[in-house]
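Report on the following structure.
Chain naming here is simple, since letters A, B, ... match the order of the sequence lines and numbering starts at 1 in each. Side-chain atoms are counted along with the backbone in the values below, which use heavy atoms only and exclude waters and symmetry mates.
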Amino acid sequence: MKPLSHHIANLLSEALRAAQASAVLPAFEPPTIVIERPKREGQGDYASPVAMSLAKALSRKPREVAEAVVQHLPPAPFIAQAEIAGPGFINFTLSDDFLRQQVETIIALGDDWAKLDLFVGKRAQVEFVSANPSGPITVGHTRNAVLGDAIARVLEAAGYQVQREYYFNNAGNQMVMLGQSVQARYLQILGQSAELPENGYQGEYIIDLARDLVQEHGDSLREADWKVFKDYAEARMFAWIKRSLALIDIQHDAFFNENSLFENGEVWRTLEILRENGYIYSAAEWEGASEEEKAKAAGRAPAQWFRSTRFGDDKDRVLVKSDGVPTYTLPDIAYHRNKIERGFDLMVNVLGADHGQQYKVVANGIRALGLDPSKIKVILYQMVRIMRNGVEVRMSKRKGNFDTLDDLVEQTSADAVRYHLLGRSPGTTIDFDLDAVVKQSNENPVYYIQNAHVRCAGIAREAAARGLDDTEADLSLLGQAELKFLRKALELSEVIELAATEYEPHRLAYYAQELAALFHPLYDEVRALHSDVEPQVARARLRFYRAARLVFRRVLRLMGMSAPERM
RNA sequence: GCCCUCGUAGCUCAGUGGAUAGAGCGCUGGCCUCCGGAGCCAGGUGCGUAGGUUCGAUUCCUAUCGAGGGCACCA
C-alpha cells in the first residue's frame, strides 16, 4: 500500500490536468504537490497549499485557483469532502465509512498493516554499531545500535529488502594491543612480571579474560605468541558484543571482517586503483604542509598520501604510513568500494558525530576511485551523557559505572533503553537520566504507550472469559471517538514514509506517544463490556479494540519494543 | 583559527516554506462500584540576536552570540 497522502496528491494532479484541459487554468509545468496534516480540528484530515504556490505564476488569486482545482477533482471513495479554507488551502476530509472499514483492514493485515511498497524490489544495507572488538558495547554504541536497527525496521516497512551489517574492525594496531594486553594480564596472574603495553587496555574485563584463560589452559600459554591471546580475546569480545545487542533485540545479518580485506588483497587493490587514477603520491609530508611541518617530517621515510584536497579537503591524508602499515582510512575506503560493488540501492552508515570528518575523507576516496557515493547516506548522531540526580556519571573504563549496554539494561529495561535512545532526533545530545528512566510510573512514556496495548489485551481476555464474539460486527455503530483514533492510526504510513526517507526514526516515538494519548481517554469513555452497552455495540467495539491492539503492536515492534499482555 | 551539529515553555525535547508553534516531565485542583489507577479531565505570557530571500520563515541564506564535537603517519 501507499500512504493516503500519495493518493490525494494524485487526485490533485488529475484535477490540475483536467482544469488545464478545460482551459479553466492556463498551461504550466505540473508542480510538486505538497500534502500535509492540518494541525487543527475543523481543517480536515489532509490539506494542500498547492493553489497558493501556483497563484503567483498564474496571476490569479489563490482561492480562485483552489476553486478551479476542487471543481475538477475526480471522485474518490475515501474522500467525504474537499473544501477551500483560509488563504487558499484545499482541505480533505476522509469518509466515515472508509475509516470504519480500516478496522477490518487492520485485522486482516495484522503485522503487515501499514507496510508500504514505496521501495519494493530495492535492496538497502544498514551498517551500524561497528564498534571495535576491543571492549564492551558502551552507551554511545547503544544509541548507534538503536538508531540503526530502527532505521532498518522503518526501511523494511517502507518496502526495502534490508541487510543489517556490522563492520568488524579486527585488523590493525588495536587488535595487537588487545592481544598483548590480555597476554600481559595472563602472565601477571601466573605471577610473572609483565607490563601492559603502552596504550594497552586497562579495563577490568581484560583481567577477566586472562583469568578464564588460566582456568582453561593453566600455564601452558606461558610461551605462546600474542596472537593466540588476540584470537581468544577477539572471539570472546565478538560473543560479548552479540550477546549485549541481543539484550535489546538487535541482530545483524552480516559481520564484515576488516581482516578479510587484507587477506583477499582488496586493500592493496584499492590503493593501486587510486594510484592509477592519479590520487596517490609518496612523500614524507603532504604537499601543502607548512615549513614547520616539513621540518618536523624531515628524515622520515615516505608515506603514501591521498590527494583529498582535490575534493576540497583541508589537507591530503595518509593512507599508508611510513612503516608500510595502512591507516584506518585505506581499508575503510576499500570496504565502501566493496559495499558499492555489492549493488545496494541504498547504503546507510550510522556514525557518531566524532566520525563525521573521517567519513568525508572516505567519501573523497570513493570519488577518487571513480565511484558514486550518493547512494550512501550517513546518519550522524550526537553523544549520550548518563545522568544521575542531575549530575553526569562520568564514563570510565572501570566496571560498575553504567557505561555499558549490559549495565544500562540491568538498571532500566530493554524497552526503556530503546524508547529513550530512539526518542530524540539524531542531531541532539542526549542526557540519559537513569532516575527518570528507571521510574516505572505513569510519568514514563514507555509504560504509557505499552499500557495502551495491555488495555486492549485486557479487553480481549475479558471478552473471551465472558464468551463474547466480535465477528460480523456492525462497524457503523462505532462513534466519532473511535473514528478519531482510526484517523490517527492511518497516519502511521506517513510517519513510516517520512522516517524512512529522512532517516529519522525518532518520529515513530513521538507518533506512538500521540497515538496512546488519543487512546487512553477513548478507553475511558468508550466501554466495550459495560453493562449499559448494547450487545451489538459491544460487538463493534470489541472489533475496534482488536484492531487498536494490532496497531499498537505494530508501532511497538517498529521501535523494537515489546508489546506486553499484562503489566 | 578552520569544519560539522545544535540554540523553541521552568526542565527534556517535537515541529516536511504555510492557516491560532506542540508533547512529555514538574507544579496545582478535580474524577473511578461493572474491560482499567503505569488511567481520565482542567490550568501556558516560548522560536538566541540582527539582517536577507518569499505572497508567507521556527523552517532557507548571511552575519553575530552561546553550547557540544572534530581538526594525527589513532581508530
Discussion item. Could you tell me how far apart Asn170(A) (CG) and A75(B) (C1') are, to the nearest whole angstrom?
Written reply: 13 Å
Worksheet item: What residue among Asn199(A), Asn132(A), Asn169(A) forms side chain to side chain contact (heavy atoms under 4.5 Å, CB included) with Gln174(A)?
Response: Asn132(A)
Discussion item. Measuring to OP1 and OP2 of G22(B), would you say a side-chain N or O of Lys39(A) lies under 4.0 angstrom away?
Written reply: no
Fill in: Side chain of Lys360(A) - closest among G24(B), C35(B), C4(B)
C4(B)
Worksheet entry | Positive for ring pair (Phe, Tyr, Trp, His ring centres under 6.0 Å) with Tyr167(A), one of Phe128(A), Phe255(A), Tyr335(A) | Tyr335(A)
Practice prompt. Check whether the aromatic ring of Tyr510(A) stacks on the base of A23(B), taking stacking as ring centres less than 5.5 Å apart and planes within 30° of each other.
Written response: no
Practice prompt. Using a 4.0 Å heavy-atom cut-off across all strands, classify Glu36(A) as base, sugar-phosphate, or nothing.
Written response: base
Discussion item. Measuring only the C1' atom in each nucleotide, how far is G22(B) from U8(B)? A whole number of Å is fine.
Written reply: 10 Å
Worksheet item: Heavy atoms under 4.0 Å, any strand shown: does Gln358(A) hit a base, just sugar-phosphate, or nothing?
Response: base
Fill in: Rounded distance in Å - CZ (Arg566(A)) to P (G37(B))
12 Å
Worksheet, complete the sentence: Closest to the side chain of Ala47(A), out of A19(B), A75(B), C73(B), is A19(B)
Item to complete: Using the C1' atom as the reference point in each nucleotide, state the distance between U59(B) and C47(B) in Å, no decimals.
Response: 10 Å
Item to complete: Find the distance Glu494(A):CD to A14(B):P and express it as a whole number of Å.
Response: 21 Å
Practice prompt. Looking at every strand, decide which applies to Arg466(A) at a 4.0 Å heavy-atom threshold: base, sugar-phosphate, or nothing.
Written response: sugar-phosphate
Worksheet item: Taking atom C1' in both U16(B) and A50(B), what distance in whole Å separates the two?
Response: 27 Å
Item to complete: Convert the base pairs of RNA chain B into dot-bracket notation, remembering that pairs crossing earlier ones are written with [ ] and that bases paired across to another strand are shown as |; include only Watson-Crick or G-U pairs under 3.5 Å.
Response: (((((((..((((....[...)))).(((((.......)))))....(((((..]....))))))))))))....
Worksheet item: Between Asn349(A) and Lys339(A), do the side chains contain an N or O donor and an N or O acceptor separated by less than 3.5 Å?
Response: yes
Worksheet item: Between the side-chain atoms of Asp354(A) and the base atoms of A75(B), is any donor-acceptor pair under 3.5 Å?
Response: no
Worksheet item: Is any side-chain N or O of Arg317(A) closer than 4.0 Å to OP1 or OP2 of A72(B)?
Response: no
Worksheet item: Quick one: do Asp313(A) and Lys360(A) make a salt bridge, cutoff under 4.0 Å?
Response: no
Worksheet item: If you measure from the P atom in A21(B) to the same atom in U54(B), how many Å do you get, rounded?
Response: 25 Å
Worksheet item: For Gln513(A), which contact category applies under a 4.0 Å heavy-atom criterion: base, sugar-phosphate, or nothing?
Response: sugar-phosphate
Worksheet item: Do the side-chain N or O atoms of Ser425(A) get closer than 4.0 angstrom to the phosphate oxygens (OP1, OP2) of A14(B)?
Response: yes
Worksheet item: Can you check whether Lys321(A) has a side-chain N or O nearer than 4.0 Å to OP1 or OP2 of A72(B)?
Response: no
Worksheet item: For residues Tyr279(A) and Arg310(A), is any side-chain donor paired with an opposing acceptor at under 3.5 Å?
Response: no
Shorter than 3.5 Å, N or O on both sides, protein versus nucleotides 5-10 of chain B: list them out with atom names.
from  : atom 1 : to        : atom 2 : distance (Å)
U5(B) : O2'    : Gln382(A) : NE2    : 3.2
U5(B) : O2'    : Gly427(A) : O      : 3.2

Worksheet entry | Sidechain N-carboxylate O distance under 4.0 Å for Arg307(A), Glu287(A) | yes
Item to complete: Would you mind reading off the distance between Glu491(A) atom CD and G15(B) atom P, rounded to a whole angstrom?
Response: 13 Å
Practice prompt. Can you measure from OG (Ser48(A)) to CZ (Phe89(A)) and round to the nearest 0.5 angstrom?
Written response: 9.0 Å
Worksheet item: Strictly by modelled atom types, are His6(A) and Glu497(A) linked by a side-chain donor-acceptor pair under 3.5 Å?
Response: yes
Item to complete: Have a look at Val378(A) and say if it touches a base, only the backbone sugar-phosphate, or nothing, with a 4.0 Å heavy-atom cut-off.
Response: nothing
Discussion item. For the backbone of Gln43(A) and the side chain of Asn91(A), can you confirm whether one donor and one acceptor N or O come within less than 3.5 Å of each other?
Written reply: yes
Practice prompt. Considering only atom P, compute the distance from G51(B) to U58(B) and round it to an integer number of Å.
Written response: 14 Å
Discussion item. Just to be sure I understand the rule, does Glu514(A) reach a base, reach only the sugar-phosphate, or reach nothing, if contact means heavy atoms closer than 4.0 Å?
Written reply: nothing
Worksheet item: Distance between the C1' atoms of G29(B) and U64(B), in whole angstroms?
Response: 46 Å
Worksheet item: Which nucleotide sits closest to the side chain of Leu529(A): A19(B), C35(B), C73(B)?
Response: C35(B)
Worksheet, complete the sentence: Here the distance between atom C1' of C25(B) and atom OH of Tyr448(A), to the nearest Å, is 13 Å
Practice prompt. For Ser531(A), report the nucleic acid contact type (base, sugar-phosphate, nothing); a contact means any heavy atom under 4.0 Å.
Written response: base
Discussion item. Checking the side chain of Tyr511(A) only, and the main-chain atoms of Ala489(A) only, is there a donor and an acceptor separated by less than 3.5 Å?
Written reply: yes
Discussion item. From the set A75(B), C40(B), G18(B), return the single nucleotide nearest to any side-chain atom of Pro521(A).
Written reply: C40(B)
Discussion item. Under 3.5 Å, is there a donor on one side chain and an acceptor on the other for Thr309(A) and Asp316(A)?
Written reply: yes
Item to complete: Would you tell me if any nitrogen or oxygen in the side chain of His506(A) comes within less than 4.0 Å of OP1 or OP2 on G15(B)?
Response: yes
Worksheet item: What about Phe306(A) and Tyr281(A), are their ring centers closer than 6.0 Å?
Response: no
Worksheet item: Quantified in whole Å, what is the C1' atom distance between nucleotide A14(B) and nucleotide G24(B)?
Response: 10 Å
Worksheet item: Across the strands shown, which category fits Asn91(A) at heavy-atom distances under 4.0 angstrom: base, sugar-phosphate, nothing?
Response: base
Worksheet, complete the sentence: Looking only at C35(B), A38(B), A19(B), the nucleotide nearest the Ala528(A) side chain is C35(B)
Practice prompt. Answer yes or no: is there a donor N or O on one side and an acceptor on the other, between the side chain of Asp415(A) and the main chain of Met561(A), under 3.5 Å?
Written response: no
Practice prompt. Check whether any side-chain nitrogen or oxygen of Lys296(A) sits under 4.0 Å from OP1 or OP2 of A72(B), and answer yes or no.
Written response: no
Worksheet, complete the sentence: When rounded to whole Å, the CG to P distance for the pair Asp314(A) and C71(B) reads 12 Å
Worksheet item: With centres under 5.5 Å and planes under 30°, do Tyr523(A) and C35(B) count as stacked?
Response: yes
Worksheet item: In terms of side-chain heavy atoms of Tyr328(A), which of A75(B), C35(B), U16(B) is nearest?
Response: A75(B)
Practice prompt. Figure out the CD/C1' separation between Glu127(A) and A75(B), and round it to whole Å.
Written response: 13 Å
Worksheet item: RNA chain B: Ala303(A) or Ser48(A), which has the more 5' nearest nucleotide?
Response: Ser48(A)
Worksheet, complete the sentence: Residues passing the side chain to side chain contact (heavy atoms under 4.5 Å, CB included) test with Ala303(A), sequence neighbours excluded, are Trp305(A), Val318(A)
Discussion item. Categorize Ala284(A) for me: base, sugar-phosphate, or nothing, with a 4.0 angstrom heavy-atom threshold over every strand shown.
Written reply: base
Practice prompt. Between C73(B), G69(B), C35(B), spot the one nearest the side chain of Ala353(A), thanks.
Written response: G69(B)
Worksheet item: What's the CZ-C1' distance between Arg424(A) and C11(B), to the nearest Å?
Response: 11 Å
Discussion item. Between G1(B) and A63(B), how far apart are the two P atoms, rounded to whole Å?
Written reply: 15 Å
